[in-house]
Amino acid sequence: MLYIFEMANNHMGSVDHAKKIVDEFSSLTKKHKLIAGIKLQFRNLDTFIHPEFQQRNDLKYVKRFNETRLTKDQFKEIVDYIKQNGLLAITTPFDNESIPMTEELNLDVLKVASCSVDDWPLLEELSSLNKRIIISTAGVGMDTLRKVYRLFKRKGRDFAFMHCVGEYPTNNNVANLDRIKELKQEFPDIEIGFSTHESPIEKSMTPFAVAMGCTIIEKHVGVPTEEWPLNAYSLTKVQMDSVINEVNELLEASVGKSNEQVKSLKSLKRGVYVKDNLTKDHKISKDDIYFAMPVQEGMLDASDYHDILGSYITVDKSKNEGLYLSDIVDLERKEILDKIKRQVKEQLLNANVTITDKDDVEISCHYGLDSFFETGCIIISKINRRYCKKILVVLPNQSHPTHRHMIKEESFELLSGDCELVLNGRSIDLKLGQPKLINTKVDHSFSSKNGCVVEEVSTTHIPGDSIYQNPKINKLSLNDRKIKITL
């Protein structure tokens, strides 16, 4: 999550007051351990305003810009102070003439204002810069945004779109949060954020935007004084702190899982007991077992019913004795697993890849183990820190279904065999020694005719980060489509 604290012209033309804003919001950043930046606005007023209008104090914005005017040296002092306080230095250049200053002052991130989202001369020059660029989208249709998207994609830029409403302040009844869904659906491979002009006296829409998937939040902020009160859409440190607390509560609620519920629910289930004496290697039928409380520690329960039927007893069991996982084995399942292991070991040997007992090996079987030889792959995790390395083994005539990662960025490099990678519907045959990048939120699938071994290098792997095109897969728990094995 990136927070952008928009100083705009709330520095009031004073470097000292700008530093007070930095002090306030850098302390807030440290308190909540945020990734955050302070945003300024650059305008070359000598050319941005027509010569005949430069002294027109009857024009609201001309008057405001002139009263808060800063020199390049003053901006440099503020930018340096922002960075000294551990914040990103961000700016919105409103004209081409201001772009050189973004380079000279080494701004970390550039922002495009909603009023500039179709300012093509400005966008053309910005798209040539190797900077992270965030683009607000208020007031324009999808056709325009598609053109903007194509421009920055063509230039290979790191960019994001921000939902925004260009009304100051923005009442909640026109917040149009559904637009976030539209942006995420139309542009699934880039980040979507929320730039809000809501009044501090209104209920903040920011937590709702985060719940809908926004990962960048921008808000106008300032420090009020007797001389300089805040406008109707800027927040104080205390007000922003309240919004951040709400967002953090939401994020915690989103990922928090109850461990206690497992124990609680398990205690209410019926355990599995045998009706009569059973001897080793007996094949279990429904007539051999019954269900009753309590479920003792490690005992199978009624939810394991279908896994138990057809399996074989590994030890003698006495009448009314509980049935445990270690007491049964599914011979058919064992045969399938043994076959998978043999094929995987052979392909790893051919690829000259060594696996140790420290490596995590799992079968990814999206439609169950019975369909694994058609759909799935073997995933071997070598390391998973801020970066991640895995080995993927795809069996002959096996495919991995279409999915995307919301957080992880990865690359595939072919080590042996043949592999067809499909990115957003475009087919690519992987070549030895030629890694292919897969950006976040990009749909992709892969398959092999003769079997292959692929090295995956990525950012941190996060369980549950894969979103599948087939909703049936998404409904399965990780335990239902992942089987841990040893080779």
Checklist entry - Relative to each other, are the rings of H197 and Y168 parallel, tilted or perpendicular (30° and 60° limits)? => result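 H197 vs Y168 ring planes: tilted.
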
Next on the checklist: Parallel, tilted or perpendicular, judged at 30° and 60°: which one describes the rings of F5 and Y3?
Outcome noted: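 The rings of F5 and Y3 lie parallel, inter-plane angle below 30°.
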
Only counting residues at least two apart or in another chain, list the ones meeting side-chain hydrogen bond (donor to acceptor under 3.5 Å, both in side chains) with [X].
| X | answer |
| --- | --- |
| K219 | none |
| N384 | none |
| K181 | none |
| S199 | none |

With sequence neighbours excluded, give me every salt bridge (charged side-chain N to carboxylate O under 4.0 Å, His left out) pair touching [range].
| range | answer |
| --- | --- |
| residues 411-421 | none |
| residues 237-255 | K31-D241, K203-E246 |
| residues 138-147 | D143-R146, R146-E186 |

With no hydrogens and no angle check, just 3.5 Å: does a side-chain donor-acceptor pair link [X] and [Y]?
| X | Y | result |
| --- | --- | --- |
| N245 | S242 | no |
| Y367 | N470 | yes |
| K111 | T92 | no |

Checklist entry - Should H11 and T68 be marked as a side-chain contact (heavy atoms from CB on, under 4.5 Å) after you check the CA-CA gap, both sets of side-chain angles, and the distance that decides it? => result CA-CA 7 Å; H11 51 69; T68 58; 4.0 Å; yes

Checklist entry - What residues, two or more places apart in sequence or in another chain, satisfy salt bridge (charged side-chain N to carboxylate O under 4.0 Å, His left out) together with D16? => result none

Checklist entry - How would you list, by chain and number, every residue that makes a salt bridge (charged side-chain N to carboxylate O under 4.0 Å, His left out) with K19, sequence neighbours excluded? => result E77

Those residues that, when tested against [X], pass side-chain contact (heavy atoms from CB on, under 4.5 Å) (two or more places apart):
| X | result |
| --- | --- |
| S416 | A351, V453 |
| E410 | H405, K408, F412, I438, H444, E456, S458 |
| I383 | R385, Y387, K389 |

Checklist entry - Hey, does D189 have a side-chain heavy atom less than 4.5 Å from the side chain of Y149? => result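 Touching, per the 4.5 Å side-chain cut-off.
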
Next on the checklist: Would you say that N248 contacts H32 through its side chain, given a criterion of any heavy-atom pair below 4.5 Å between the two side chains?
Outcome noted: yes

